[in-house]
Colleague: 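Below is the structure I would like to discuss, written out as structure tokens.
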Amino acid sequence: MTLRKALSQVPDPRAHNRRYPLWGLLALILLAFLSRVDSLRGVARFARAHPHLLPHLGLRKPPGHTALTGLLHRLDPQALA
């Protein structure tokens with residue numbers, strides 16, 4: 001199973017009018033943390049600093065800190081596990 005398939009199976013707790021695909025945001029967070037980023041503000045900075053990665057994650061523009069924080073507050077940790 002690919003990482004994209006695994007992350008696509010996580011239930012999305014957001015409204016239907018979401019701007020970013022869930023799997024892309026989760027992959028961005030994972031990639032940033034593997035690159036030694038240690039905060040969600042850092043993830044947002046990482047996304048702005050590496051725009052060439054965004055299309056590979058299904059993202060058209062870098063998400064902001066608010067989008068990342070809102071997602072993680074709503075995400076079910078059991079579903080992510």
Side-chain angles (χ1 to χ4, degrees):
M1 176 180 295
T2 66
L3 180 61
R4 181 179 178 168
K5 280 186 181 181
L7 294 177
S8 294
Q9 293 178 356
V10 176
D12 196 337
R14 301 171 298 164
H16 295 288
N17 62 349
R18 53 194 173 258
R19 180 175 293 177
Y20 305 103
L22 177 64
W23 75 267
L25 291 176
L26 294 175
L28 174 65
I29 292 167
L30 178 62
L31 184 58
F33 282 8
L34 289 172
S35 299
R36 304 186 65 95
V37 170
D38 62 357
S39 69
L40 292 178
R41 287 193 195 284
V43 173
R45 283 192 299 270
F46 178 86
R48 288 192 306 272
H50 299 89
H52 60 282
L53 296 175
L54 300 179
H56 300 286
L57 303 174
L59 306 172
R60 287 182 271 156
K61 66 179 199 170
H65 173 259
T66 304
L68 297 169
T69 303
L71 168 66
L72 292 183
H73 279 279
R74 288 188 217 119
L75 196 61
D76 178 16
Q78 297 294 337
L80 187 57

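Just the heavy atoms: all of them, side chains too, but no hydrogens, waters or symmetry mates, feed the values below. Fair warning: this is a prediction, and the values are worked out from it, not measured in the lab. Throughout, numbering of the chain's residues begins at 1 and tracks the sequence.
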Colleague: Once rounded to the nearest 0.5 Å, what's the spacing between atom CG of Leu80 and atom CG of Leu26?
Modeller: 6.0 Å

Colleague: Can you tell me how far the CG atom of Leu7 sits from the CE atom of Met1, to the nearest 0.5 Å?
Modeller: 10.0 Å

Colleague: Between Pro21 and Leu59, is any pair of side-chain heavy atoms under 4.5 Å apart?
Modeller: yes

Colleague: Would you call Ser39 and Arg45 a side-chain contact if the rule is heavy atoms closer than 4.5 Å?
Modeller: yes

Colleague: Does a side-chain heavy-atom distance below 4.5 Å link Val37 with Ile29?
Modeller: no

Colleague: Could you report the tightest heavy-atom contact between Pro62 and Tyr20, atom names first, then the distance?
Modeller: O-OH, 3.4 Å

Colleague: Provide the closest heavy-atom pair for Pro63 versus Ala44 in the form atom of the first, atom of the second, distance.
Modeller: O-CB, 3.8 Å

Colleague: Could you report the tightest heavy-atom contact between Pro11 and Ala79, atom names first, then the distance?
Modeller: CD-CB, 3.6 Å

Colleague: Rounded at 0.5 Å granularity, tell me how far CG in Leu25 sits from CG in Leu57.
Modeller: 9.0 Å

Colleague: Between Arg14 (side chain only) and Gly70 (backbone N and O only), is there a donor and an acceptor less than 3.5 Å apart?
Modeller: no

Colleague: Output the distance between atom CZ (Phe33) and atom CG (Leu28), rounded to the nearest 0.5 Å.
Modeller: 9.5 Å

Colleague: How far does CG of Leu34 sit from CZ of Phe46, to the nearest 0.5 angstrom?
Modeller: 9.0 Å

Colleague: Val43 and side chain to side chain contact (heavy atoms under 4.5 Å, CB included): which single residue from Leu68, Leu31, Leu30, Thr69 fits?
Modeller: Leu68

Colleague: Rounded to the nearest 0.5 Å, how far does CZ of Arg19 lie from CZ of Arg60?
Modeller: 8.5 Å

